[in-house]
*Asks:* 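Pasting a structure here, questions to come.
Atom set for the values below is all heavy atoms of this structure, side chains included, hydrogens, waters and symmetry mates excluded.
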Amino acid sequence: MKLLGSHSLSEKGHHISMPGPDIAHKGLRYRRTQPPDPGAVSSQRLAGPEFTFELLPEAQVIRVTIPPGPEVSVRLCHQWALECEELRSPFDTQKTVAGGHTSDLPYEFFLPCLCIEASYLQEDAVRRKNCPFQSWPKAYASDLWKSAHFTDYSQHSQMVMALTLRCPLKLEASLCQRQDQHSPCEDLPNAMAQESEGWYVLEKVDLHPQLCFKFYSENSSHVECPHQSGSLMSWNVSMATHAQQLILHFSSRMHATFSAAWSHPGLGLDTSVSPVYSISQTQGSGPVTVDLIIPFPRTGGCVLVWRSDVQFARKRLLCPDASHRHLGLLTLVLLGLSILLGVVVVLTCRRLLSSPDRARPVLLLHAADSEAQRRLVGALAELLRTALGGGRDVIVDLWEGTHVARMGPLPWLWAARARMARERGTVLLLWSGVDHSQVSDPDPRSTPLSAFLCAAPRPLLLLAYFSRLCAKGDIPRPLRALPRYRLLRDWPRLLRALGARPSPQAALWGHLWAPRHLRSRLELCRRLELEAAQLAHRRQAELHCGPRCLRPPPGAGWSPAMGPLA
């Protein structure tokens, strides 16, 4: 019976009694498809209305034409065993067509069970039905798979797929395997699925996104893969290398056995080389991680990994990098190179950040024979270190008395000279008016000082003298070829020769515009020079003519402490 009208149900019990064949009950009309009394209707009414149709696949409609005569009700439906089911909304329309006119009936999918049904409008009219598309499998192959609904119920080692169709078709399904997402799915032998009321089941399968069901109908097929995302995979594997061994880390959420075998490049996923290594996860649900250790082959290659406690499994190909065998040695080499590079960078940066003034030391040599001259040498050394600045090292024996006493004067002197040659330093020879006739010896190897000055490699040598203690003529002939500087008049020139970068005020040494801390040290050197010159003059006078012939040196002035003038 077909419900033609609509009305609210009874509020008590929601029960509606079934009316007779020709009775409408409370606004409800029913149409039965039972044959009426043959004597009461004509043969045309008994056979149902005639109609013709035209398929328009581009518009997805079926155009029905009614010959001249009474009005006819037409619709589309899907034919099952005992009934023709309505199409899904909005394609479940039922249209009334006048005689001699046409009407377009839209459809969603072009299926083999699609039928056209027509009947007259009076009650108890016989319906005429035509299902002409069952013999057109090529036309509806794609729509058949689009209209089907697949539901995956696979779990553990059982692959299960439920299939819902719009037509009563009996399909076959088998297991197939893909190499990747875009490659065709190849059938596996002896892998037909068992079907029961739309459920397809295959036992002992390692669930994998590339193991799929392939469904067949007539001359068309469709591939449906469970767990497309791979998020529900029951196990996973990763690898690591150590020395001459490959370590496979298997992580599984269930009891399973895993195997691995080496495969030569180019042999594919189905070809492996003996022996086969296996390991089992027997600790229950997890995930639980187990490690399988296999030795590297001599010829190298890739390793095939699969689950071996099932009948159908997808093998995975892992290709370790052979260079990882020497990962430890490579790490040590890289670490050593990194340290060496760091040292080079540090030294280079220190050299770039350090100016030549800071890198080159100054060795101050002298032959002071009195306490006054030693105080003058110390003041000059302190003035040099302050004026050069930047951490320049000024070496003088007066400041290294402990080393000189421990090593001895000559070893200390040669060690200092070696440092000057190594660090490209400068030797400043401070000459005074004392007797140094040994330097003028024609044999440079006859005295330690001559040997020091003439030995190779020879550092940069400069000569300086205080004008109150020494004149140009007092300088021995072998030393006159050296650059000479008169103190303190040539002080700016000496600083430039030592590689210093004096400020503009450096040219004004001795004037009021010189820096205060340098001006005080400069005045100290001048006072000590005067005292040393007075002492030296007194000693020479006592040596030659006694105390009564003492005269002050030129420019030194006279004081009562010096005694009467001669």
Side-chain angles (χ1 to χ4, degrees), residues 1-6 29 31-33 43-150 163-172 198 214-224:
M1 289 188 176
K2 172 66 178 177
L3 179 64
L4 299 182
S6 62
R29 290 193 303 116
R31 179 174 298 173
R32 301 193 307 172
T33 55
S43 60
Q44 182 181 8
R45 296 286 181 89
L46 182 61
E50 297 287 341
F51 64 88
T52 59
F53 72 92
E54 180 183 4
L55 178 64
L56 303 176
E58 296 81 4
Q60 281 191 282
V61 297
I62 297 177
R63 181 166 295 170
V64 179
T65 302
I66 304 299
E71 292 181 331
V72 175
S73 176
V74 294
R75 68 165 184 155
L76 297 180
C77 58
H78 291 151
Q79 180 63 48
W80 284 77
L82 300 178
E83 59 180 334
C84 198
E85 292 187 350
E86 289 182 344
L87 273 62
R88 192 168 57 178
S89 178
F91 305 96
D92 57 347
T93 59
Q94 186 166 344
K95 295 185 177 182
T96 300
V97 184
H101 291 78
T102 62
S103 179
D104 292 340
L105 301 178
Y107 62 88
E108 183 179 7
F109 300 105
F110 185 50
L111 301 176
C113 61
L114 186 62
C115 302
I116 308 168
E117 190 179 70
S119 64
Y120 293 111
L121 299 184
Q122 71 271 15
E123 296 179 3
D124 295 337
V126 176
R127 296 170 184 158
R128 179 182 291 272
K129 183 171 54 181
N130 188 2
C131 302
F133 308 119
Q134 295 180 356
S135 59
W136 295 8
K138 293 183 180 181
Y140 56 73
S142 60
D143 277 9
L144 172 62
W145 306 117
K146 290 179 184 178
S147 65
H149 180 69
F150 301 90
L163 177 60
T164 303
L165 296 174
R166 305 289 180 90
C167 294
L169 299 176
K170 184 88 171 171
L171 305 182
E172 293 183 350
K214 181 183 285 188
F215 294 91
Y216 298 91
S217 174
E218 297 291 338
N219 60 348
S220 66
S221 63
H222 173 75
V223 175
E224 192 71 22

*Asks:* Could you check Ile62, Val64, Thr93, Asp92 and say which one makes a side chain to side chain contact (heavy atoms under 4.5 Å, CB included) with Leu76?
*Replies:*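 Going through Ile62, Val64, Thr93, Asp92 one by one, the side chain to side chain contact (heavy atoms under 4.5 Å, CB included) with Leu76 is satisfied by Ile62 alone.
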*Asks:* Glu71 and Thr96: side-chain donor and acceptor closer than 3.5 Å?
*Replies:*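 Distance-only check fails for Glu71 and Thr96.
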*Asks:* Locate the shortest heavy-atom distance separating Asn130 from Phe51; write the atom from each residue and the value.
*Replies:*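 Heavy atoms only, the tightest pair is CB-CZ, 3.9 Å.
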*Asks:* Can you tell me if CD on Glu85 sees more than 12 non-hydrogen neighbours from other groups inside 6.0 Å?
*Replies:*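 Buried by this count: over 12 neighbours within 6.0 Å.
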*Asks:* Please walk me through it: do Leu114 and His78 pass side-chain contact (heavy atoms from CB on, under 4.5 Å)?
*Replies:* CA-CA 5 Å; Leu114 186 62; His78 291 151; 3.9 Å; yes
*Asks:* Taking atom CZ of Phe110 and atom CG of Leu55, what is their separation to the nearest 0.5 Å?
*Replies:*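 Answer rounded to 0.5 Å: 5.0 Å.
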*Asks:* Whether the side chain of Arg75 engages the backbone of Glu117 through a donor-acceptor N/O pair (distance < 3.5 Å, no angle test) should be reported.
*Replies:*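 Flag not set: sc Arg75 to bb Glu117 has no pair under 3.5 Å.
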*Asks:* Minimum heavy-atom separation for Val72 and Ala118, please, with both atom names.
*Replies:*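 Heavy atoms of Val72 and Ala118 come nearest at CG1-CB, 3.8 Å.
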*Asks:* To the nearest 0.5 Å, tell me how far Ser217 OG sits from Lys170 NZ.
*Replies:*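 If we round to the nearest 0.5 Å, Ser217:OG and Lys170:NZ are 13.0 Å apart.
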*Asks:* Roughly how far, to the nearest 0.5 Å, is the NZ atom of Lys129 from the SG atom of Cys77?
*Replies:*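 The distance works out to 6.0 Å.
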*Asks:* For Glu108, which residues count as a side-chain contact (heavy atoms from CB on, under 4.5 Å) partner, sequence neighbours excluded?
*Replies:*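 By the side-chain contact (heavy atoms from CB on, under 4.5 Å) rule, Glu108 matches Arg88, Phe91, Arg166.
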*Asks:* Provide the closest heavy-atom pair for Phe150 versus Phe215 in the form atom of the first, atom of the second, distance.
*Replies:*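 Scanning both residues completely, I find the closest heavy atoms to be CE2-CE1, 3.6 Å.
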*Asks:* Just how far is it from atom CD of Glu50 to atom CD1 of Ile66, taken to the nearest 0.5 Å?
*Replies:*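 Reported to 0.5 Å precision, the distance equals 9.5 Å.
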*Asks:* Looking at every heavy atom in both Tyr120 and Gly48, which two are closest together, and how far apart are they?
*Replies:*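 Answer, listing the atom of Tyr120 first, then Gly48: CE1-C, 4.1 Å.
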*Asks:* For Trp145 and Ser221, which heavy atoms make the closest approach, and how far apart are they?
*Replies:*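 Closest approach of Trp145 to Ser221, heavy atoms only: NE1-O, 3.7 Å.
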*Asks:* Give, for atom SG of Cys115 and atom CD of Gln79, the distance between the pair rounded to the nearest 0.5 Å.
*Replies:*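 Rounded to the nearest 0.5 Å, the SG-CD separation comes to 5.0 Å.
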*Asks:* Can you see which heavy atom on Ser147 is nearest to which on Phe109, and at what distance?
*Replies:*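 So the minimum-distance heavy-atom pair works out to CB-CD1, 3.5 Å.
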*Asks:* Going from CG on Leu111 to CD on Gln134, what distance comes out if it is rounded to the nearest 0.5 angstrom?
*Replies:*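 With rounding to 0.5 Å, CG (Leu111) is 11.5 Å from CD (Gln134).
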